[in-house]
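Basis for what follows: all heavy atoms, side chains included, without hydrogens, waters or symmetry-related copies. This is a predicted model, so every value here is computed, not measured. Residue numbers begin at 1 in each chain, while the letters A, B, ... track the order of the sequences.
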Amino acid sequence: MVRVRFAPSPTGYLHIGSARTFIFNWLFARRQKGTMILRIDDTDIERNTEESLNSIYDGLKWLELGWDEFYRQSDRLELHRAMAWKIFGKDMAYRDFTPAQTEAVKQDGVPWLFNPGMREMSREESGRRAAAGEPFVLRFRVPRDIVTDVKFHDQVYGEQSKSAADIEDFALLRSNGMPTYHMASCADDADLRITHIVRGQDHLSNTYKHILIFAALEAGLPAFAHLPLLIAPDGSKLSKRKHGPVVSVTTYRDAGFVPHGYVNFLCLLGWSPKDNREQMSRQELVDAFSFEGVNRPNAVVNFTEADPIDPKALWLNAQHLRTMPIEDLAPRVRATLQAAGITPPDYGEPWFRSTVDAVRSRLSTLNEFTTRGRAYFAGDYEITAEAKAKLDVDNARELLRGLAERLAATPEFTEASVEALLRAYAAEAGVKAGLLINGARAALTGQTVGPGVFHVFTAVGRERTIERLRRV
RNA sequence: GGCGCUAUCGUCUAAGGGUUAGGACGAAGCCCUCUCAAGGCUUAAAUACGGGUUCGAAUCCCGUUAGCGCUACCA
């Protein structure tokens, strides 16, 4: 039974790289009919905030993927400590009383491996100083007498190996008694019987330490799959300070992405189904996902200062917007309109759906229903300069007002009837139908672009059409 | 500095010894058309560099360069 976990630390918003890690874990879990675990790695009490936890939680919920089990490391500290002392009990860890280094005292060419005098300290002295209340860090005693290589097979990066002589004596417990990330993570992974650790490539070199911990714990070794990182166009790591809103999933939510559109985009960063498919449903992604399809190089999120949205993300979202089932899209559009303070006319659900359907191929985000698609749902819409120009052609305004009266004179109001009426009226007035067609679109929607104009008439509806044409 | 990872169009990627190096986004052009999208067609655009191995290298090996990650109580 496959068990995977996504383990964010609540020190900020949900980063898009983290979101992708979550998605890949989820995909793998679903593909293998396994269990997806959300675990909050909150052992750094200095930096954790409840606000951050909520924002991560919100971000994950927005993805609409879900999880099966939930844990918080802060609820499990006793387990972590017990496991750390178990390692100490086997003499595979020792107390280090060296005060924390405030400044990096790196000596060039001489890698730090452990502090002098601590590894070799007798159990008696170590116990005495601890009993006297002297603060200490519990460190893992990396084997150094025999030169051994720590090895593992990564499902993405292949065979990995590092000499134990190059691994420093890392901390298990901080001087404040809190477990470090390495300790807590491995203790939980062992206890929760995680079978596959799927995480960012920034943990690739930490894996050697984790393998030593798993061995000391006599726990079975999980499989590892490291994921390439998401980076900025200049090759640097994505950071909020440097790159702003592009790094947070809330940006895409607030920009009007449909969750699956963004999930689909993230999947294509560092992974490929290898058959040229790009727009894929959730089920197609689950069916196609494997670590073999994950690439090794880091993937660039393509954005600029002027536009924080990757053009491909926008395109993919547009694809989903115009192909997703209308019954799935319609409520999302309603919610977006409502959030923008727009109450659409009460013409019934069939009207709403067909109107959404008519405009969606021209839009890329949900938000655009409140801007470029506004005139169909709201009375207050702007008239663009181009639209104004269409209305100012010859005697267009006068003719459109005349058209309003013709429409008012007959109860029939279908695409066909309006078209017949308009064309007859144009012929009568001796003008090209295009004059009225373009003018009507401008008057009814405030824009020169949009669906076929006769559909626009029925989408706007008889009453609103007559009213809008009269006041042109 | 040490250790590790990586390198195909601007970006995401396919091709894992033999291809005119394929697709997508973005860009440009054409078709369609009441406008704009959508859709269809077309064009420009890549194997970082240098050595090997081989009849043959984007693909395997070595080196260089560049980028990234980890590196003393952050995750």
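Note: CD (A:E46) to P (B:C74) measures 9 Å, nearest angstrom. Rounded to whole Å, atom C1' of B:C12 lies 8 Å from atom CZ of A:F265.
Under the Watson-Crick and G-U wobble criteria, each requiring two contacts below 3.5 Å, nucleotide B:A14 is left unpaired. B:U64: Watson-Crick or G-U partner is B:A48, with both key distances under 3.5 Å.
When each of A:L269 and A:Y208 is assigned the nucleotide of RNA chain B bearing its nearest heavy atom, the one mapping closer to the 5' terminus is A:Y208. Nearest-nucleotide positions on RNA chain B place A:L268 closer to the 5' end than the other of A:Q73 and A:L268.
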For this session: Heavy atoms under 4.0 Å is the rule here; annotate nucleotides 18-28 of chain B 5' to 3' with B where the base is hit, S where only the sugar-phosphate is, and - elsewhere.
Result: ----BBBS---
Problem set entry | Contact pattern, 5' to 3', of nucleotides 32-37 of chain B - B, S or - by protein heavy atom under 4.0 Å | --BBBB
For this session: Let me see the working for A:E50 and A:R72 under salt bridge (charged side-chain N to carboxylate O under 4.0 Å, His left out), right down to the final yes or no.
Result: CA-CA 12 Å; A:E50 203 64 19; A:R72 264 181 98 144; 3.7 Å; yes
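For A:S175 and B:C73, a side-chain-to-base donor-acceptor distance below 3.5 Å is present, hydrogens and geometry of angles not being considered. Side-chain atoms of A:R296 stay outside donor-acceptor range of the base of B:C5, with no qualifying N/O pair under 3.5 Å.
Atom CD of A:E134 sits in a crowded spot, with more than 12 heavy atoms from other residues, nucleotides or ligands closer than 6.0 Å.
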Cut-off 3.5 Å, no hydrogens considered: what does the side-chain donor-acceptor table look like for residues 299-309 of chain A, sequence neighbours left out?
| unit_1 | atom_1 | unit_2 | atom_2 | d |
| --- | --- | --- | --- | --- |
| A:T304 | OG1 | A:A306 | N | 3.4 |
| A:T304 | OG1 | A:D307 | N | 3.0 |
| A:T304 | OG1 | A:D307 | O | 3.4 |
| A:D307 | OD1 | A:I309 | N | 3.1 |

